Every structure is written in C-alpha cells, then in structure tokens.
Amino acid sequence: MRLNFKDVVYGFSRESLCRRFSLLFLIFFMATSSIASAEEITFKHKGLILNADLALAEGKTFKDGIILITHGSLAHRDMETLVYLRALLKDFDYNTLAINLSLGISNRHGMYDCQTPHHHRYDDAIEEIDVWMQWLKEQGAEKVSLLGHSLGGAQTALYAAEKDSPLVQSVILLAPAVKDNDIKSYSPSYTVALGQAQKLIEEGKGETELEHSTLMHCRDTKVTASSLVSYNAPSKRLDTPSLLPEISKPVLVIIAGDDQVVLDLETKIEPLTDGKRVQMEVIEGAGHFFRDLIMDVAVERMDEFLK
C-alpha cells in the first residue's frame with residue numbers, strides 16, 4: 001500500500017488537525033523539558049542499569065497489551081521522533097514501553113558519545129529486548145507488539161525471528177535497516193579493518209581496541225574487534241529483508257518514501273509481502289525520521305494493523 005502524506009492530511013477534519021497540532025506543540029515542549037518521561041523504569045542486568053519509559057493509556061493496564069519500542073543506531077528513546085510517536089500511540093489508547101539500549105553504559109541517556117570506546121555488540125540489543133520482555137511478563141502483560149525504528153527495526157526483526165516469544169502478537173518495523181551481505185561492497189579500507197578485527201577474534205583478542213575506526217556515524221573512534229565485527233561482518237542476521245521469512249507473527253513494514261538513510265527498502269521488501277503475514281506501507285513525502293504530522297499518518301496505519 002502507498003499513502004501520500006498530503007492527501008491524508010487534507011482528509012483530516014478541522015477538529016482532528018487542531019488536536020494533532022496541539023499534541024505536536026505539547027510534545028515539542030515535553031521533549032525539551034524534564035517531564036518528557038511518563039514513568040522511568042530501571043533495574044540491573046549484568047552489572048548495568050537498564051532504563052525505559054513506561055506510558056500506560058488512560059484506564060489501561062499491562063493486561064491490555066503493550067508496545068515495546070526500540071530506538072535506532074547509537075540513539076535513545078527520547079529522540080523527538082520517538083517521543084511524538086509514543087504520545088500518538090497513547091492518544092490511540094496503546095500502552096508503550098520505550099527502552100534505552102545500554103550500549104555497554106549503565107543507566108544510559110541521550111545519544112552515544114562517539115569519544116567513548118565501543119565495547120557493545122549487535123546482539124546485546126537482542127538480549128536486552130528479551131530482558132524487557134521478561135519484565136513485562138512479570139508485570140502481567142499477556143500480549144506484546146514489537147516496534148523498532150531504523151537499526152532498532154532490524155534488531156527487533158532479529159529478536160522476533162530468533163526468539164519467537166509467545167507474548168509477541170505482532171511486529172512493526174519503521175524504516176528498518178538493511179545490510180548488504182556482499183563483503184565486496186565495502187570500501188577496501190573497511191574490508192581491511194574487518195579482516196584485522198576478525199583475525200584478532202580468532203586469536204582470542206576480541207576485546208582489543210582498534211583506534212581511528214568507524215562504527216555507524218562515529219568516525220575516528222575506538223572500537224573493539226568484537227564490536228566492529230558484530231555490527232559489520234556480512235550476515236543475514238543483520239538484514240531485515242532476510243529475516244522477514246523467519247518471523248512467524250504478522251509484520252508491518254512502514255517505509256519512508258523519501259528516506260535518505262535506508263535506501264531501496266521498498267524494492268527489497270515488496271517481493272516478500274503477501275498482504276497478510278507481511279504487509280508493507282510506503283508513506284510518500286516521509287523522511288527517515290517521519291517528522292511532525294507525517295508520524296500521524298504512520299501511527300494511523302499502525303492502528304489499522306494492530307486492530
């Protein structure tokens with residue numbers, strides 16, 4: 001399915017648009033204030049404090065279900081995009097739990113500082129999503145929908161494919177990351193760095209820090225060999241389209257029509273859709289972060305899918 005942002009906005013009633021602009025203004029205020037989180041949940045896991053933002057819709061409890069939200073690469077749960085997303089979902093009467101991946105840092109908030117050496121690994125996210133799933137089960141949650149944005153979308157897909165928790169009812173992937181599985185596509189210098197890192201791992205030196213390395217948007221940073229390989233070695237486990245056939249639950253992939261970060265996603269996802277187990281929505285005019293009222297269009301589609 002393909003939606004045009006302008007057409008959908010023109011279809012809103014005046015009252016609906018006023019409500020949305022009021023909500024948007026409120027979220028902009030919240031995102032720059034200390035009250036952005038409804039309720040912060042923290043607990044210890046492997047010596048690290050994990051944290052998340054819990055928001056229960058009015059009159060709702062854990063038993064009504066909850067959406068577990070995972071942010072993108074080296075980011076955090078309180079990015080403007082995700083704060084607005086959570087407010088919209090609450091407005092639609094959905095409970096949400098937005099987690100901060102620790103990335104190896106106890107009680108982490110805000111963007112990851114590229115000057116901090118990277119010791120975290122790709123699969124750490126899968127483990128932490130599972131920890132939060134167990135926490136939700138302990139709170140009485142009986143059904144969970146997984147929602148991930150960007151790299152968090154790819155990691156959400158991997159969790160859904162490999163864990164297949166009975167609590168998971170559905171999966172929503174918002175502009176999920178893809179991975180080119182052909183190592184020849186890497187630049188020569190990057191291929192050399194990966195080769196060096198893989199050799200260190202084989203020698204039992206995976207925690208060796210490689211200086212002047214690149215990891216995602218961090219340039220000239222320190223990265224352990226294990227971290228570099230976990231995020232960059234060619235693998236179907238890092239590629240959302242490759243994972244979709246392995247997910248047994250219904251999946252909705254929402255694609256930004258003007259995405260300049262994740263490229264050619266529609267081309268890769270469309271052959272995998274069947275309109276039932278795997279659905280795809282392209283929102284024309286949307287950028288990678290679905291800013292402002294474009295997110296309203298995405299959430300209305302999510303609501304249709306979840307119902």
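All of these numbers come straight from a predicted model, not from anything done at the bench.
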Pair E127 + R121, salt bridge at N-O below 4.0 Å: no
Pair D296, Y84: side-chain N/O donor-acceptor within cut-off below 3.5 Å: yes
Salt-bridge criterion met for R86 and D78 (N-O under 4.0 Å): yes
Derivation of the side-chain contact (heavy atoms from CB on, under 4.5 Å) call for L50 and W135: CA-CA 11 Å; L50 303 184; W135 182 83; over 6 Å; no
Y112/H120 under ring-ring contact (aromatic ring centres under 6.0 Å, His included): CA gap, chis, key distance, verdict: CA-CA 11 Å; Y112 191 95; H120 52 92; 5.2 Å; yes
side-chain contact (heavy atoms from CB on, under 4.5 Å) between M216 and L151, intermediate numbers included: CA-CA 10 Å; M216 289 172 274; L151 184 65; 3.7 Å; yes
K307/D303 ion pair, N-O < 4.0 Å: yes
Backbone of H76 reached by a side-chain donor or acceptor of N100 within 3.5 Å: no
Residues, nucleotides or ligands: over 12 heavy atoms within 6.0 Å of E203 CD: yes
Disulfide (SG to SG under 2.5 Å): pairs with one or both residues in residues 206-307, sequence neighbours excluded: C114-C218
Side chain to side chain donor-acceptor pair (under 3.5 Å) partners of residues 270-279, not counting sequence neighbours, each pair once: Q279-R301
Under 3.5 Å side-chain donor-acceptor pair for H288 and S150: yes
Polar side-chain atom of N95 near backbone of A57 as donor-acceptor pair, under 3.5 Å: yes
S102 and E128: side chain donor to acceptor below 3.5 Å: yes
Q139 side chain to F62 backbone, donor-acceptor under 3.5 Å: no
CA sep, side-chain torsions, deciding dist, call: L238, N232, side-chain contact (heavy atoms from CB on, under 4.5 Å): CA-CA 8 Å; L238 310 183; N232 294 287; over 6 Å; no
More than 12 heavy atoms from other groups under 6.0 Å of NZ on K249: yes
